[in-house]
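Notes follow the structure.
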Number of protein chains: 2
Amino acid sequence: MPSHKGRSAGRQRLPVLLERDELELRTWLQLVRTYLRMERRLERLLEERGLSLPQFDILATLAMGEGITQQELAQRMLVTKGNICGMIDRMETNGWVERRPDKQDRRANRLFLMPAGRKQLARSFPDQHAAVQEMMSALRPEELQTLYEFLDRLEEDIEN
Amino acid sequence: MPSHKGRSAGRQRLPVLLERDELELRTWLQLVRTYLRMERRLERLLEERGLSLPQFDILATLAMGEGITQQELAQRMLVTKGNICGMIDRMETNGWVERRPDKQDRRANRLFLMPAGRKQLARSFPDQHAAVQEMMSALRPEELQTLYEFLDRLEEDIEN
DNA sequence: TATTGTTATACTCTATAACTATA
DNA sequence: TATAGTTATAGAGTATAACAATA
């Protein structure tokens, strides 16, 4: 069982600009490091399936609720509509998703998963899931629950 | 004081692939959302100063310890050496950093901050710091400490 | 007028692979 | 042989801004 006091070679230390022990900043820097480590590993896994992380996110988002518009997708993913347009272009070319014009509002497209997209998600999801389970195993369930609540509260504070 | 139970419009929900309450995955998804929100906000701030987040990271890393090699920088930032080479090119063009050949090992470059780089860091750091402080204010000090420890343990588990 | 989506443009970050110089 | 750095190439993701169609 690893101690959390250990330091390995590549670890960053606090900037010289910080004289005092700045808990907020230290926590943010640790959040970045931890996130990046996990992200890189998950990206590697997805890459084997020919998926980028944003593409996986789009597939997963559509699996949660098909029929959203590109604008809605852009807002959920915190990117611009022009960005989403290009990403959907690529994913539609691959046959993973489909644009269907909205009958009521003819400006809008509704987005749907195609069989190939479902298949991609179904194939890559178990890997992602297993990797996440493994990476999270350093924390006990009650600790995970606490971590989740802390992160949730942080996010709420930001979006307001 | 915001409750952590609230749900706003753009929040994602769990994929349909998940029947049970998967704490690990739910926590990871929340980590992603929280990280992205904070990252976007900090990127906006840096953008006003003409800095990208990776560039800021490099400046901050060098401020922590000048004279590291490109290879060492690549390892700390979890990217390839070719990547670092291009980034240092851009930053050297801007006069922010400098390559100095290592006398002992003539294959290697040692990286140093230039006055303009120090100035960039000194100008952007207070903004970043204040934003981090504000975003982290949803948690009390003892909660921040706990969050830090959890993240640290997670990272250790991954890098081993 | 406002909104949805598209297009054009540009830039950063990222990776891989082949290459040079040095160890 | 192995390592540090460079270069060339490629691609994704991101943004902005101007545009068309529709509301």
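Here is the naming used below: chain letters follow the sequence lines, and residue numbers restart at 1 for every chain.
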Would you please test A:L139 and B:F150 for side chain to side chain contact (heavy atoms under 4.5 Å, CB included) and show each step? CA-CA 7 Å; A:L139 298 183; B:F150 286 173; 4.0 Å; yes
Using the side chain to side chain donor-acceptor pair (under 3.5 Å) rule, take B:Q145 and A:R26 through it: C-alpha gap first, then chi angles, then the decisive distance, then the call. CA-CA 9 Å; B:Q145 181 64 39; A:R26 198 178 53 165; 3.0 Å; yes
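The CD atom of B:E47 sits 13 Å away from the C1' atom of C:dA10 (whole-angstrom rounding). D:dA12 atom P lies 19 Å from atom CZ of A:R49, rounded to whole Å. Atom C1' of nucleotide D:dG13 and atom CG of B:L36 are separated by 13 Å, given to the nearest angstrom. The nearest whole Å value for the distance from the NZ atom in B:K81 to the P atom in D:dA2 is 13 Å. As rounded to whole Å, 15 Å separates atom C1' of C:dG5 from atom CD1 of A:I68. Between the C1' atom of D:dT3 and the CD1 atom of B:I84 lies a distance of 17 Å, rounded to the nearest Å. Spacing between atom CZ of A:F56 and atom P of D:dG13 amounts to 14 Å, rounded to whole angstrom units. Regarding B:E39, its CD atom lies at a distance of 12 Å from the P atom of C:dC13, rounded to whole Å.
Cluster membership for B:I158 and B:L78, using ILVMFWY side-chain heavy atoms within less than 4.5 angstrom, is shared. In the hydrophobic clustering of this structure, A:L51 groups with A:M77; members are Ile, Leu, Val, Met, Phe, Trp, Tyr whose side-chain heavy atoms approach within less than 4.5 Å, directly or through other members. At a threshold of 4.5 Å between side-chain heavy atoms, the hydrophobic network of Ile, Leu, Val, Met, Phe, Trp and Tyr places A:L46 and B:V32 in one connected group.
Here B:Q55 lies in heavy-atom contact (under 4.0 Å) with sugar-phosphate atoms only. B:N83 comes within 4.0 angstrom of a base, heavy atoms only. At a threshold of 4.0 angstrom between heavy atoms, the contacts of B:R44 are confined to the sugar-phosphate backbone, with no base atom among them.
Electrostatic pairing of A:D89 and A:R99 counts as a salt bridge here, judged by a charged N lying under 4.0 Å from a carboxylate O.
If you look at B:W28 and A:Y35, their ring centroids are closer than 6.0 Å.
Checking the phosphate oxygens (OP1, OP2) of D:dA15, a side-chain nitrogen or oxygen of A:T80 falls inside 4.0 Å. An OP1 or OP2 oxygen of D:dA21 is reached within less than 4.0 angstrom by no side-chain nitrogen or oxygen of A:R107. Put simply, B:Q71 has a side-chain N or O that comes within less than 4.0 Å of OP1 or OP2 on D:dA4. A:R106 has no side-chain polar atom (N or O) that falls below the 4.0 Å cut-off from OP1 or OP2 of C:dG5.
Along DNA chain C, the nucleotide nearest to A:Q70 and the one nearest to B:V79 differ in position, and the one closer to the 5' end is contacted by A:Q70. Residue order along DNA chain C, read from the 5' end via each residue's closest nucleotide, puts A:C85 first among A:C85 and A:R40. With the nearest nucleotide of DNA chain D identified for both A:L78 and B:R110, B:R110 has the one nearer the 5' end.
Residues from residues 86-105 of chain B that place a heavy atom under 4.0 Å from any atom of DNA chain D, listed by number: B:R99.
In this structure, the nucleotide among D:dA4, D:dG13, C:dT6 sitting nearest to the side chain of B:A108 is D:dA4. Of the candidate nucleotides C:dG5, D:dT14, D:dG5, C:dG5 has the atom lying nearest to any side-chain atom of A:N109.
Inspection of the A:R76 and A:Q71 side chains reveals no N or O donor paired with an N or O acceptor under 3.5 Å.
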